[in-house]
Amino acid sequence: MIDFARVQKELQECSRDMEASGIKVAPKSDNLGRLTGTIPGPIGTPYEGGTFQIDITLPDGYPFEPPKMQFATKVWHPNISSQSGAICLDILKDQWSPALTLKTALLSVQALLSAPEPDDPQDAVVAQQYLRDYQTFVGTARYWTETFAKTSSLGVEEKVQKLVEMGFPEALARGALESVGGDENLALEKLCSG
């Protein structure tokens, strides 16, 4: 059984330090077994300025078993799958300890963004690029951060106009944007999937 009292305490601790760390954890619904973590991209990396969402699923054995975490935001990194968002990090596997918390796990994920380990990759293609053509890796990681991890500074009207120019009816474009909280990439995905 998940220790829900502990999870509640961890969520409170996270919200207390949110200003300082930039790390947020919130329940996806009223089920404390499914959470969303948010981490800021580390300064001085290609991920700087991005906000990354991480899906967290707590196993029944939590905190004695590690939380399952994967990036919901697409990210270009050797230790994170560019397809599924799966994360290759020892503390999320065999190095987990009940002394760790969701916040420390998210801080470790954030540290992984700063210090990739291309010799133990989750995504071999990204790892090869990191090792063989570092400048292209940095450019691609930066582009993915700009595209997927930044909420556009465009106003709602400009976003609607952009979608209309792509051929979507204005009412549909506006509805799609509203339903995803103004994220134009998500709105576009929603419109394309019909």
(Q) Run the side chain to side chain contact (heavy atoms under 4.5 Å, CB included) test on Asp94 and Asp90 for me, step by step, so that the C-alpha distance in whole Å, both residues' side-chain angles and the decisive distance to 0.1 Å come before the verdict. (A) CA-CA 6 Å; Asp94 54 349; Asp90 56 359; 4.2 Å; yes
Could you tell me whether [X] and [Y] make a salt bridge, using a distance below 4.0 angstrom between a side-chain N and a carboxylate O?
X      : Y      : result
Arg174 : Glu170 : yes
Lys28  : Asp55  : yes
Glu146 : Arg142 : no

Problem set entry | More than 12 heavy atoms from other groups under 6.0 Å of OH on Tyr143 | no
(Q) Would you say NZ of Lys24 has more than 12 non-hydrogen atoms from neighbouring residues, nucleotides or ligands within 6.0 angstrom? (A) no
On the 0 to 90° scale, with breaks at 30° and 60°, tag the Trp144-Trp76 ring pair as parallel, tilted or perpendicular. tilted
message = Ring-plane angle category for Tyr47 and Phe52, please: parallel below 30°, perpendicular beyond 60°, tilted otherwise.
response = perpendicular
**Message:** I'd like to know if the side chain of Gln110 reaches the main chain of Pro40, judged simply by a donor and an acceptor atom lying under 3.5 Å from each other, with no hydrogens or angles considered.
**Reply:** yes
If only atom types and distance count, is the side chain of Thr145 paired as donor or acceptor with the main-chain N or O of Pro46 below 3.5 Å?
yes
Is the closest side-chain heavy-atom distance between [X] and [Y] below 4.5 Å?
X      : Y      : value
Leu102 : Met69  : yes
Leu11  : Pro27  : yes
Leu58  : Leu35  : yes
Leu188 : Cys192 : yes
Leu113 : Val75  : yes
Asp133 : Phe137 : no
Ile54  : Thr38  : no
Ser108 : Leu89  : yes

Could you walk me through whether Arg6 and Thr101 pass the side chain to side chain contact (heavy atoms under 4.5 Å, CB included) test, one step at a time?
-> CA-CA 9 Å; Arg6 171 173 158 151; Thr101 63; 4.1 Å; yes
Derivation of the side chain to side chain contact (heavy atoms under 4.5 Å, CB included) call for Phe71 and Ile39
CA-CA 10 Å; Phe71 274 82; Ile39 59 171; 4.3 Å; yes
Closest non-hydrogen atom pair, [X] against [Y]:
X      : Y      : answer
Ala86  : Gln122 : O-CG, 3.5 Å
Val25  : Cys14  : CG2-SG, 3.7 Å
Ala105 : Ile91  : CA-CD1, 3.8 Å
Gln70  : Ser84  : NE2-O, 3.0 Å
Ile2   : Gly33  : CD1-CA, 4.1 Å
Gly37  : Leu106 : CA-CD1, 4.1 Å

**Message:** Does either side chain, that of Asp123 or that of Ser81, offer a donor lying less than 3.5 Å from an acceptor on the other one?
**Reply:** no
Cluster overlap [X] with [Y], hydrophobic side-chain contacts below 4.5 Å:
X      : Y      : result
Met166 : Leu172 : yes
Met18  : Leu107 : no
Met1   : Phe64  : no

Got a second to check how far [X]'s [atom1] is from [Y]'s [atom2], nearest 0.5 Å?
X      : Y      : atom1 : atom2 : value
Ile87  : Lys93  : CD1   : NZ    : 8.5 Å
Ile23  : Asp17  : CD1   : CG    : 9.5 Å
Tyr130 : Glu117 : OH    : CD    : 10.0 Å
Lys190 : Asn185 : NZ    : CG    : 14.5 Å
Gln8   : Glu13  : CD    : CD    : 13.5 Å
Leu32  : Ile56  : CG    : CD1   : 11.5 Å

Give the C-alpha distance, both sets of side-chain angles, the deciding distance and a yes or no for side chain to side chain contact (heavy atoms under 4.5 Å, CB included) between Arg34 and Ser29. CA-CA 8 Å; Arg34 299 199 36 84; Ser29 59; 5.8 Å; no
